[in-house]
Amino acid sequence: MDHPRVRVRFAPSPTGFLHIGGLRTALYNELLAKQQGGDFILRVEDTDRERFVEGGIENVCQSLRDCGVEPNEGVWLDGNGAIVERGDAGPYIQSKRKKLHSAYAQRLIKMNKAYYCFCTTERLQKLRQDMHAAGKPTMYDGKCRDLLANEAQKRVDEGEHHVIRLKLPKKGKIKIWDIIRDDIDFDWVFIDDQIIIKSDGYPTYHLAATCDDHDMKISHVIRGEEWLPSTPKHLFIYEAFGWTPPKFAHLPLLLNSDHSKLSKRQGDVAVTDYLAKGYLPEVLINFVALLGWNPTADQEIYTHDDLISLFDLAKVNKSGAVFNLEKLNWMNEHYLRKIPEERYFELTLPFIEGKTGDREFAERCLRLVRDRIQKPSEVEKLTAYFFEDQFDFSKVRLPWKTQTQKKAYARLQSICEPIKNADDALFRTSVSLETFIKKLIDQNGWSNGDTLWPLRVALSGREKSPTPFELLWVYGKKRSLKRLHDAIMSLSTSMTDDGNPFILPS
RNA sequence: GGCCCCUUCGUCUAUCGGUCAGGACAGCGGCUUUUCAAGCCGUUAAGAGGGGUUCGACUCCCCUAGGGGCUACCA
């Protein structure tokens with residue numbers, strides 16, 4: 001009997017930040033829930049007190065919110081950024097369910113599906129070492145497995161340190177079914193009696209997640225592939241209690257370029273890091289959705305809504321996917337060009353804050369570099385020269401190819417005058433400026449190269465830059481003339497190939 | 001070591017027995033051009049290997065190899 005309603009959960013442990021792989025897991029869960037009109041729950045798995053990181057829950061929630069992957073049930077942040085829980089199946093913070101978990105463990109003991117184990121960490125460690133040295137699988141030897149129930153209970157009552165282990169079958173096979181991978185067979189002999197309650201009284205993942213999933217009526221468990229080998233243990237618990245297990249879908253791992261599990265060592269893994277660098281949330285979603293799945297043969301760009309309607313768990317790939325930063329960059333660049341200009345300004349303005357008090361000038365600068373960036377932060381460098389007072393022309397060639405300094409000087413002078421006399425309206429678009437300059441070239445019988453090169457270098461202070469027409473437009477008349485005068489001045493003082501005295505233009 | 005999973009261009013992927021194996025990123029080349037980008041056009045590049053099954057396998061089965069995951073009182 002299947003679960004009538006689709007209810008899925010993303011269940012991170014708050015041991016740091018939301019991992020980019022976690023974002024994909026959360027997304028796939030959310031896509032299924034939204035598509036099927038079900039529930040997407042956020043449950044925090046914080047049963048490991050030693051690894052708990054302050055602020056971890058907040059970071060996960062905030063990252064999910066930033067990316068628009070919103071749970072409609074479970075742990076969430078309220079307007080003030082405080083952690084709250086909503087929904088009827090709570091509590092959703094696992095540590096608060098400790099009593100529930102120990103009650104389930106007790107029931108398992110009563111059913112003879114679990115047992116108390118008094119073995120010390122030291123004994124266990126030595127056991128593992130010995131088995132490893134003997135070339136055998138490192139498993140628990142079952143020392144406490146057949147302790148008499150009342151004897152074990154007595155030792156517990158006397159306060160002896162203990163854990164609770166699952167009493168797994170020692171023979172036979174178990175078949176699990178996975179939406180992505182179909183049937184998988186496991187042999188019980190190779191599966192260890194898993195600890196389900198630690199000596200601190202807290203449950204391990206295996207018991208907590210399984211029982212919580214049942215209590216919360218989870219219909220599909222969508223999680224990383226690393227959980228595949230422990231799924232038989234989870235199924236054992238479902239069977240012991242007579243519960244209907246959810247459907248499982250184990251997602252392929254995200255990989256570094258050397259095909260190891262995606263890790264911090266080889267770049268950013270936290271969603272926060274990507275957001276901070278200016279990757280758009282919708283890009284992260286679009287990109288990460290396509291790591292392991294693609295709904296069509298020839299489309300790369302999908303909105304969140306597209307993904308919701310097209311999502312199909314059964315078509316998710318089985319093999320791991322390398323996280324390809326270059327493609328992410330391309331996608332961010334692509335989106336950056338499509339978003340409304342206002343949003344583009346919002347994204348980029350902070351990076352040139354304080355450079356000029358002239359908002360319109362700033363916006364023109366940003367518009368000019370828009371198709372030259374992959375990330376908002378890059379505008380800072382690309383627009384830097386617009387805000388420099390003076391260029392150092394000694395490092396660049398103002399004349400074009402074989403053009404003499406004298407001729408470059410004369411050419412710039414000849415351009416200054418018409419620009420000075422031009423109507424302000426001319427500066428409204430770079431197209432009109434282009435027409436104007438080209439006409440000037442035409443009328444005077446000049447050539448493009450020995451006019452446009454010096455003009456462009458004069459305006460940018462560098463040999464590589466956008467077109468002179470765009471530069472004139474960005475600067476406007478006054479700033480343009482200032483740049484031209486600076487260049488002319490520089491040419492006149494550095495001229496050594498010709499003794500003629502030059503008169504500086506007014 | 002043991003168990004499990006995986007294997008199409010360098011990378012992300014499409015293909016669900018019959019295709020010139022398609023698209024995207026990156027690369028390369030060209031066009032454009034005052035430079036650099038961008039843009040446009042074109043192009044290199046793949047079914048790990050070996051056996052089967054079949055009229056026909058990238059697709060189904062087996063073996064081998066390679067990669068990955070798990071093997072904690074972490075999740």
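Proteins come first, then strands; the chains are lettered A, B, ... in the order of their sequence lines, and each starts at number 1. Keep in mind that this is a model prediction, so the values were computed, not measured.
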Could you please name the option among [options] that lies closest to any side-chain atom of [X]?
X        : options             : value
A:Thr121 : B:A75, B:C5, B:C73  : B:C73
A:Pro229 : B:G69, B:U34, B:C5  : B:G69
A:Phe186 : B:C6, B:C4, B:U34   : B:C4
A:Ile184 : B:A72, B:C5, B:G69  : B:C5
A:Thr138 : B:A72, B:C70, B:U35 : B:A72

[X] near the nucleic acid: base, sugar-phosphate alone, or nothing, with a heavy-atom cut-off under 4.0 Å?
X        : answer
A:Thr15  : nothing
A:Phe118 : nothing
A:Lys401 : nothing

Take atom [atom1] of [X] and atom [atom2] of [N], then tell me their distance rounded to the nearest Å.
X        : N     : atom1 : atom2 : result
A:Lys338 : B:A38 : NZ    : C1'   : 16 Å
A:Met139 : B:U71 : CE    : P     : 13 Å
A:His162 : B:C73 : NE2   : P     : 15 Å
A:Asp182 : B:C60 : CG    : C1'   : 13 Å
A:Lys171 : B:C3  : NZ    : P     : 20 Å
A:Trp188 : B:G2  : CH2   : C1'   : 17 Å
A:Asp187 : B:C70 : CG    : C1'   : 16 Å
A:His250 : B:C70 : NE2   : P     : 12 Å

Who does [N] pair with, Watson-Crick or G-U, both distances under 3.5 Å?
N     : value
B:A57 : none
B:U7  : B:A65
B:G1  : B:U71
B:C16 : none
B:G42 : B:C28

Can the ring centroids of [X] and [Y] be said to lie less than 6.0 angstrom from one another?
X        : Y        : value
A:Tyr28  : A:Phe311 : yes
A:Phe469 : A:Phe436 : no
A:Phe345 : A:Phe351 : no
A:Trp227 : A:Tyr205 : yes

> Toward the 5' end of RNA chain B, which comes first, A:Asn448 or A:Leu328, by nearest nucleotide?
Replying inline: A:Leu328
>> Nearest heavy atom decides the nucleotide; on that basis, is A:Asp258 or A:Phe190 closer to the 5' end of RNA chain B?
In response: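 Counting from the 5' end, the first nearest nucleotide belongs to A:Phe190.
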> Does the distance from a Lys or Arg side-chain N to an Asp or Glu carboxylate O, for A:Lys277 and A:Asp268, drop under 4.0 Å?
Replying inline: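 Salt bridge flag = yes for A:Asp268 with A:Lys277.
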Would you please confirm or rule out a distance under 4.0 Å between OP1 or OP2 of [N] and any side-chain N or O of [X]?
X        : N     : result
A:Ser13  : B:C74 : no
A:Trp330 : B:C25 : yes
A:Arg337 : B:G39 : yes
A:Thr231 : B:C70 : no

>> Give me the atom names and distance for the closest heavy-atom approach of A:Leu166 to A:Leu108.
In response: CD1-CD1, 4.1 Å
> Does a sphere of radius 6.0 Å around NZ in A:Lys247 hold more than 12 heavy atoms from other residues, nucleotides or ligands, not counting ones at 6.0 Å or beyond?
Replying inline: no
> Would you find more than 12 non-hydrogen atoms of other residues, nucleotides or ligands less than 6.0 Å from A:Phe17 atom CZ?
Replying inline: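 Not buried by this count: 12 neighbours or fewer within 6.0 Å.
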Gap in Å between the two [atom1] atoms, one belonging to [N] and one to [M], rounded:
N     : M     : atom1 : answer
B:A46 : B:A24 : C1'   : 15 Å
B:G29 : B:G22 : C1'   : 22 Å
B:C12 : B:A45 : C1'   : 15 Å
B:C58 : B:U8  : P     : 15 Å
B:G51 : B:G68 : P     : 28 Å
B:U33 : B:A48 : P     : 46 Å
B:U11 : B:G67 : P     : 15 Å
B:C60 : B:G47 : C1'   : 15 Å

> Does anything in residues 192-207 of chain A reach RNA chain B, meaning a heavy atom under 4.0 Å, and if so which residues?
Replying inline: A:Ile195, A:Lys198, A:Ser199, A:Pro203, A:Thr204, A:Tyr205
>> Could you walk me through whether A:Asp46 and A:Arg51 satisfy the salt bridge (Lys or Arg N to Asp or Glu O under 4.0 Å) test, starting with their C-alpha distance in whole Å, then the side-chain angles of each, then the deciding distance to 0.1 Å, before giving a yes or no?
In response: CA-CA 8 Å; A:Asp46 60 342; A:Arg51 299 210 310 166; over 6 Å; no
>> Within the 4.0 Å limit for protein heavy atoms, which parts of nucleotides 9-16 of chain B are touched? Write it as a string from 5' to 3', B for base, S for sugar-phosphate only, - for none.
In response: --BBSSS-
>> Between A:Thr210 and A:Asp213, is there a side-chain donor-acceptor contact under 3.5 Å, judged purely by atom types and distance?
In response: no
> Between the side-chain atoms of A:Arg181 and the base atoms of B:C5, is any donor-acceptor pair under 3.5 Å?
Replying inline: no
>> For A:Phe186, does the six-membered ring have the charged nitrogen or CZ of A:Lys175 within the cation-pi criterion, i.e. under 6.0 angstrom from the centroid and within 45° of the normal?
In response: no
> How many angstroms lie between atom SG of A:Cys365 and atom CZ of A:Arg370, to the nearest 0.5 angstrom?
Replying inline: 15.0 Å
> Quick one: CD1 on A:Ile196 to CD1 on A:Ile237, what's the gap to the nearest 0.5 Å?
Replying inline: 6.0 Å
